[in-house]
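Below is the structure I would like to discuss, written out as structure tokens.
Note that ligands are numbered from 1 as they come in the structure, with each ligand's atoms numbered from 1 the same way. If you're wondering where the values come from, they're calculated on a predicted model, not measured in any experiment.
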Amino acid sequence: MKRIRIEGEHKLQGTIRISGAKNSAVALVPASLLSDEIVKIDNIPNISDIDALNEILIYLGAKVTRNGEIMEIDSSSIVNKEIPEEISKKLRASYYFMSSLLGKYKHVEMYFPGGCAIGARPIDQTLKGYRALGATVIEEGNRFTIDADELKGAEVYLDMPSVGATINTILVAVKAKGETIIENAAKEPEIVNVATFLNNMGAKITGAGTSTIRITGVDYLGSCFTEVIPDRIEAGTYMIAGALVGENLRIENIIPEHVDSLINKLKEMGVSIKEERDAVTISAAEKMKGVSIKTLGYPGFPTDLQQPLTTLLTQCTGNSVLEETIYENRFQNVPHLVNMGASIDIDGKKIHIHGPRELIGCEVVATDLRAGACLVLAGLKAKGETRIDNVEHVLRGYENIIEKLTNVGAKITLEEI
Ligand code: EPU
């Protein structure tokens, strides 16, 4: 098991460069299988979720070279075989392979994907998309066998704008016959990144980034190059660190529009932010006031920043209310923050945070990726030492977090226990 130790109360000064977006990269890598030629992806983050996808690529017989941030994938020699459960359960994004293989070979055998335990996370909308395009899905426990004589474009209305179901439906539709229309599609920037990647290969996708996406199937997808967009959740996490303990902390290589909802909430709290074309600079404010926040799909406030933001809300004066509308179990960070001195009540889908409260370092556990990020932020602010166990979760999604924070003045170490 891995543990992070943080000595709190050190000011963060300097620049943090944001890496490629985890939630884009984890879709682009499996999407590369749809090409019959070599594809090249730049700005790939060095995180363990990408290592897990790389393992699947190699298991299937793809030739992969990774050179720093560039990944080159040649899947011309892959074999369409069942992906074992030990690999697919490592991460949620493994199900993008299910869609790419189905789209390419019209047959796939795979197990239910893994991912952070933050709610039920069913895949019914993805399966609805497969069925609408003509596939037969056989579910035996958590094992799926999916077949289609022919994949035919269709109209797919998603019951909720799910990121995963939107990307999965695109992946199955790009080589289907005729036109697919996805209604109530998710609008996250990562979906636009995936659609651009596929269009660069020769796909015909329009409307990504809006709630109606149209895909006209093509027979052949060729070589292409694309870049992963900056990680808006990593950026948001470090922006919150800036608001907690920053002194002109500059977060660069971001698309400010992608973190607009956070910028607006920070301003509402009283944090001053200097915005540039691809960077923001943030310092901790003398005094911040509590706010109300509700998580929503993009461009609303992202659920993935809800837990990191909770740490900041413990420092605001007055009561804050945070409502989680996407996942049922995304407050597992709360008892740990309370152990550190926060005053938070859980009330169904909402939490009420009463502040400001002094945070004091103690031993806590990262129950999931963003809960871990929340506790790292708490450790940076807290008096004394914070020890966070189970930080494998954090390393799944934050590239070089120890180095990035150390470079701006944090006292943080990673150890194997
Ligand atoms: N949902 C269904 N049925 C489905 C699909 C989703 O009911 O078929 C529900 C889920 O239960 C959940 C909600 O819809 O309540 C959102 O699920 P979604 O499919 O959008 O989530 P996802 O695609 O599995 C991605 C990110 C998450 C991020 C959400 C934001 C990846 C690999 N994961 O998840 O990222 O929270 O979108 O909607 O892109 C993270 O990075 O920490 C993370 C969890």
### Message
As an exercise, identify every atom of ligand 1 less than 4.0 angstrom from a heavy atom of G164.
### Response
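Answer, ordered by atom number: 19 (O), 23 (O).
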### Message
Tell me whether K2 contacts the main-chain N or O of I417 through its side chain, where contact means a donor paired with an acceptor under 3.5 Å.
### Response
no
### Query
Which protein heavy atom lies closest to atom 12 (C) of ligand 1, and at what distance to 0.1 Å?
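Checking every protein heavy atom, the shortest distance to atom 12 (C) of ligand 1 gives I326 O, 3.4 Å.
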### Task
List the closest protein heavy-atom neighbour of atom 32 (C) of ligand 1: residue, atom name, distance to the nearest 0.1 Å.
N23 OD1, 3.6 Å
### H352 side chain reached by S343 side chain, heavy atoms, under 4.5 Å
no
### Task
For H354, enumerate each residue passing the side chain to side chain donor-acceptor pair (under 3.5 Å) test, keeping only those at least two apart in sequence or located in another chain.
N319, D345
### Query
Considering only heavy atoms of T303, which atoms of ligand 1 have at least one such atom less than 4.0 Å away?
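Within the 4.0 Å cut-off of T303, ligand 1 contributes 30 (C), 36 (O).
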### Message
Please state which option from E190, K128, R92 has its nearest heavy atom closest to atom 24 (O) of ligand 1.
### Response
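The option holding the nearest heavy atom is R92.
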### Query
What residue and heavy atom of the protein are closest to atom 27 (C) of ligand 1, and at what distance?
Y327 OH, 3.7 Å
### Task
Work out whether the distance between some heavy atom of Y298 and some atom of ligand 1 is less than 4.0 Å.
no
### Query
With only distance considered, is L369 within less than 3.5 Å of ligand 1 through an N or O on each side?
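Not met; the criterion fails.
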### Query
Is the closest basic N to carboxylate O distance between E190 and K22 below 4.0 Å?
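So E190 does not pair with K22 through a salt bridge.
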### Task
May I ask you to list the atoms of ligand 1 that are less than 4.0 angstrom from any heavy atom of I118?
44 (C)
### Message
For a 4.5 angstrom cut-off between non-hydrogen side-chain atoms, does V365 reach H336?
### Response
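They are in contact (side-chain heavy atoms under 4.5 Å apart), so the answer is yes.
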### Task
Please identify which atoms of ligand 1 are closer than 4.0 Å to at least one heavy atom of I123.
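Near I123, meaning under 4.0 Å from one of its heavy atoms, ligand 1 has 8 (O).
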### Task
Among all protein heavy atoms, pick the one closest to atom 3 (N) of ligand 1 and tell me residue, atom and distance.
D124 OD1, 2.8 Å
### Query
Taking C-beta and beyond as the side chain, do L380 and L244 meet within less than 4.5 Å on heavy atoms?
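No; the side chains remain at least 4.5 Å from each other.
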#### Entry: Between T237 and Y398: side-chain donor-acceptor atoms closer than 3.5 Å
yes
### Message
Checking a contact table here: which protein heavy atom is nearest atom 19 (O) of ligand 1, and how many Å away?
### Response
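Of every protein heavy atom, S162 OG, 2.5 Å lies nearest to atom 19 (O) of ligand 1.
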### Query
What are the atoms of ligand 1, with element, lying closer than 4.0 Å to any heavy atom of M160?
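Those of ligand 1 that fall under 4.0 Å from M160 are 1 (N), 2 (C), 3 (N), 7 (O), 14 (O).
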### Query
Is A165 in polar range of ligand 1, meaning some N or O pair under 3.5 Å apart?
no
### Query
Which bit of R121 gets closer than 4.0 Å to ligand 1, counting heavy atoms only: side chain, backbone, both or neither?
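Both parts.
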### Message
Please check whether R370 reaches ligand 1 - meaning an N/O of the residue sits under 3.5 Å from an N/O of the ligand, judged on distance alone.
### Response
yes
### Task
Could you list which atoms of ligand 1 come closer than 4.0 Å to a heavy atom of D304?
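Near D304, meaning under 4.0 Å from one of its heavy atoms, ligand 1 has 27 (C), 28 (C), 35 (O), 36 (O), 40 (C), 41 (O), 42 (O), 43 (C), 44 (C).
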### Query
Quick one: which of H393, E328, Q125 has a heavy atom closest to atom 8 (O) of ligand 1?
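Ranked by closest heavy atom to atom 8 (O) of ligand 1, first place is Q125.
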### side chain to side chain contact (heavy atoms under 4.5 Å, CB included) partners of A27, counting only residues at least two apart
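Expected list: Y96, I167, V194.
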### Electrostatic pair D304:R330 at N-O distance under 4.0 angstrom
yes
### Query
Is any side-chain heavy atom of L337 less than 4.5 Å from a side-chain heavy atom of R357?
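Not touching, per the 4.5 Å side-chain cut-off.
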### Summary
If you compare V163, T325, T126 by their heavy atoms, the one closest to atom 25 (C) of ligand 1 turns out to be V163
### Query
Which atoms of ligand 1 are found less than 4.0 Å from any heavy atom of R330?
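Per the distance check, 36 (O), 40 (C), 42 (O), 43 (C), 44 (C).
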### Query
Can you list the ligand 1 atoms lying under 4.0 Å from a non-hydrogen atom of K22?
40 (C), 41 (O)
### Nitrogen or oxygen of P122 less than 3.5 angstrom from that of ligand 1
yes
### Task
Answer yes or no: is there an ion pair linking E150 with K106, defined by an N-O contact shorter than 4.0 Å?
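No salt bridge links E150 with K106.
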### Message
Taking the basic N atoms (NZ, or NE/NH1/NH2) and the acidic carboxylate oxygens, is any pair closer than 4.0 Å for E55 and K90?
### Response
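Yes, E55 and K90 are salt-bridged.
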### Message
When you compare the side chains of T212 and E183, does any donor N or O come within less than 3.5 Å of an acceptor on the partner?
### Response
yes
